[in-house]
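One structure is given here, and the rest of the page talks about it.
Chain A is the first sequence line, chain B the second, and so forth, proteins listed ahead of strands; every chain is numbered from 1.
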Number of protein chains: 2
Amino acid sequence: MSEEAPNLLLSERIRIALADEITTGQLAPGSALDEQQIGDRFGASRTPVREAIRQLSAVGLVEMRPRRGAVVSGVSTQRIIDMFEMSAEIEAMCVRLATYRMNPVERSRLAQLHEDSEAMVAAGDIDAYDRMNWDFHQTIYEGTHNAFIAEQALALRDRMAAFRRTQLRGGGRPAKSRAEHGELLAAIMRGDGEEAARCMRSHMFHASLALERFTAGRS
Amino acid sequence: MSEEAPNLLLSERIRIALADEITTGQLAPGSALDEQQIGDRFGASRTPVREAIRQLSAVGLVEMRPRRGAVVSGVSTQRIIDMFEMSAEIEAMCVRLATYRMNPVERSRLAQLHEDSEAMVAAGDIDAYDRMNWDFHQTIYEGTHNAFIAEQALALRDRMAAFRRTQLRGGGRPAKSRAEHGELLAAIMRGDGEEAARCMRSHMFHASLALERFTAGRS
DNA sequence: TGCGGTTCTAGTGTATGCAAGAAGTGCGAA
DNA sequence: TTCGCACTTCTTGCATACACTAGAACCGCA
């Protein structure tokens, strides 16, 4: 945290830092973002802070009410569900395209990731599994060979990171998640895109159940 | 242009105006956006202009190069193709969901729009058909009963408006477009979501051919 | 004590000034 | 003539100052 990327624009650094704090939950939904205060925290004036907030609002991470400041987007339960559905559909779309388009190298990379994950599950290393999981999906995005789709899918996944964090903590979830990846991978290797898409929807659905439990006691 | 929405924030007005000029093509891709100059044009200082540009960059309409200013996103041909594919997939996803979820009222609204379009095709009223087309797809978005998906689909469609403008001008396209809508509608009414999705992909593909001809002579 | 209106204030929206960086320009040398 | 380099200028990035508004706090009155 001492001296990171001094070549980046100040406003960019602030934007990234704030986005990070929001997606990791350090900044709870509904928190007000005081420009002056944030500026002080980063040793900057209000101007770059404002620019950062503007961008975050365009991405949907914060909400701006004219003359009343910005607050971290408090998404309703319904909206989270909606976002999750979209996420699942996008992932399904990606895997369908990727099934038809990945080259052998990409296929083997995916298989390798799946292979590696076995040890993580056995060791109960959730953080490592989480990272692998991220790479797994990322590889599928790139497998679509469509840069725009890959970007959008990644952006959506980023945006949902805030809600996804705790989802793997549920009992036995990593093992089940891995099993689902296995089925998915099999469908991909078979070249059955439609089936892969179905597997992915199911995978995302199961993943969302953990989330649902997490958000059960909210408005 | 005289006195529009004076209650809106100045920066918001500028953002909307710029977005409009970009999507309608008045601001060609690659055009540099000079903050001072734009500010003068709107009778504002550079600050609100900067904020507007920041937001546009987050949405992808302009590209910002640090210390080198912003230019209207010049999308390469490949990127347009990528975006079009995503658009087609999203539309297909929407129509699949909508098929399963629309209520009778929504179904009949869709059918009504299709009905009305016959006269427009016959009269050769392309502008009217274009508006109807917009409504048709919009109705499908809403038919997903997923506000987030509807928003995202609309945003993407907006973003592609710049390239889509001339697509209906091709010879006989409106008539063909309407025929495709007809097939699509039939699949929806039958409740066959998968088939509706296929129809939609095909519809979007055919629509893209006109676009391809349009962009043929570009880098 | 409760309510309507008024004042105050904290915090946003905008303008302006200054400094640093990037592109263009002109001169000199090979 | 062409290449390299310093210089100039133009534009952006950030800081600061001022203006304005939404709420809060306050006060007087019923």
Roughly how far apart are [X] [atom1] and [Y] [atom2], rounded to 0.5 Å?
X        : Y        : atom1 : atom2 : value
B:Glu89  : A:Thr144 : CD    : OG1   : 10.0 Å
A:Ser45  : A:Gln36  : OG    : CD    : 8.5 Å
A:His203 : A:Met200 : NE2   : CE    : 6.0 Å

* To do: For A:Arg68 and for B:Pro66, locate the closest nucleotide of DNA chain D by heavy-atom distance; then report the residue assigned to the nucleotide nearer the 5' terminus.
  =>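 Counting from the 5' end, the first nearest nucleotide belongs to B:Pro66.
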* Asked: For DNA chain D, whose closest nucleotide is more 5', that of A:Leu10 or that of A:Arg67?
  ->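 Whichever sits nearer the 5' end wins; that is A:Leu10.
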* Check: B:Val95 main-chain N/O paired with B:Thr99 side-chain donor or acceptor under 3.5 Å ->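 Such a contact is found between B:Thr99 side chain and B:Val95 backbone.
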Check the distance between [N]'s [atom2] and [X]'s [atom1] and give it to me in whole angstrom.
X       : N      : atom1 : atom2 : result
B:Ile38 : D:dT12 : CD1   : P     : 9 Å
B:Arg65 : C:dG21 : CZ    : P     : 18 Å
B:Glu35 : C:dG21 : CD    : P     : 17 Å
A:Phe42 : D:dG13 : CZ    : P     : 19 Å
A:Ile53 : C:dG11 : CD1   : C1'   : 12 Å
B:Gln37 : D:dT12 : CD    : C1'   : 15 Å
A:Met64 : C:dG11 : CE    : P     : 16 Å
A:Asp34 : C:dG13 : CG    : P     : 12 Å

* Asked: Would A:Glu51 and A:Arg13 count as a salt bridge (charged side-chain N to carboxylate O under 4.0 Å, His left out) if you check the C-alpha gap in whole Å, the side-chain angles of each, and the deciding distance to 0.1 Å?
  -> CA-CA 11 Å; A:Glu51 310 215 323; A:Arg13 288 208 303 267; over 6 Å; no
* **Residue pair B:Ser57, A:Gln55: steps toward the side chain to side chain donor-acceptor pair (under 3.5 Å) verdict** => CA-CA 8 Å; B:Ser57 95; A:Gln55 298 224 111; 2.9 Å; yes
* To do: Enumerate the residues from residues 43-50 of chain B whose closest heavy atom to DNA chain C is under 4.0 Å, giving them by residue number; use none for an empty result.
  =>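 Contacts with DNA chain C under 4.0 Å: B:Ala44, B:Ser45, B:Arg46, B:Thr47, B:Pro48.
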Classify the nucleic acid contact of [X] as base, sugar-phosphate or nothing, counting any heavy atom under 4.0 Å across all strands shown.
X       : result
A:Ile14 : nothing
A:Leu33 : sugar-phosphate
B:Glu51 : nothing

* To do: Side chain of B:Leu9 only, please: which of C:dG11, D:dG13, C:dG13 is the nearest?
  =>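 Closest nucleotide to the B:Leu9 side chain: C:dG13.
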* Asked: Do any pairs count as a salt bridge (charged side-chain N to carboxylate O under 4.0 Å, His left out) and have a residue in residues 101-114 of chain A, sequence neighbours left out, and if so which ones?
  ->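 Non-adjacent pairs meeting salt bridge (charged side-chain N to carboxylate O under 4.0 Å, His left out): A:Arg101-B:Glu85.
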* Between the axis at one end of the helix from C:dT1-D:dA30 to C:dA30-D:dT1 and the axis at the other (five pairs apiece), what's the angle to 10 degrees? ->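 Nearest ten degrees gives 0° for this helix.
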* Please state whether the rings of B:Phe136 and B:His114 are parallel, tilted or perpendicular, taking 30° and 60° as the class boundaries. =>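 Ring orientation, 0 to 90° scale: tilted.
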* **Test applied, salt bridge (charged side-chain N to carboxylate O under 4.0 Å, His left out); reference residue, A:Glu91; option that passes from A:Arg96, A:Arg201, A:Arg157** =>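 It is A:Arg157; the other options fail the test.
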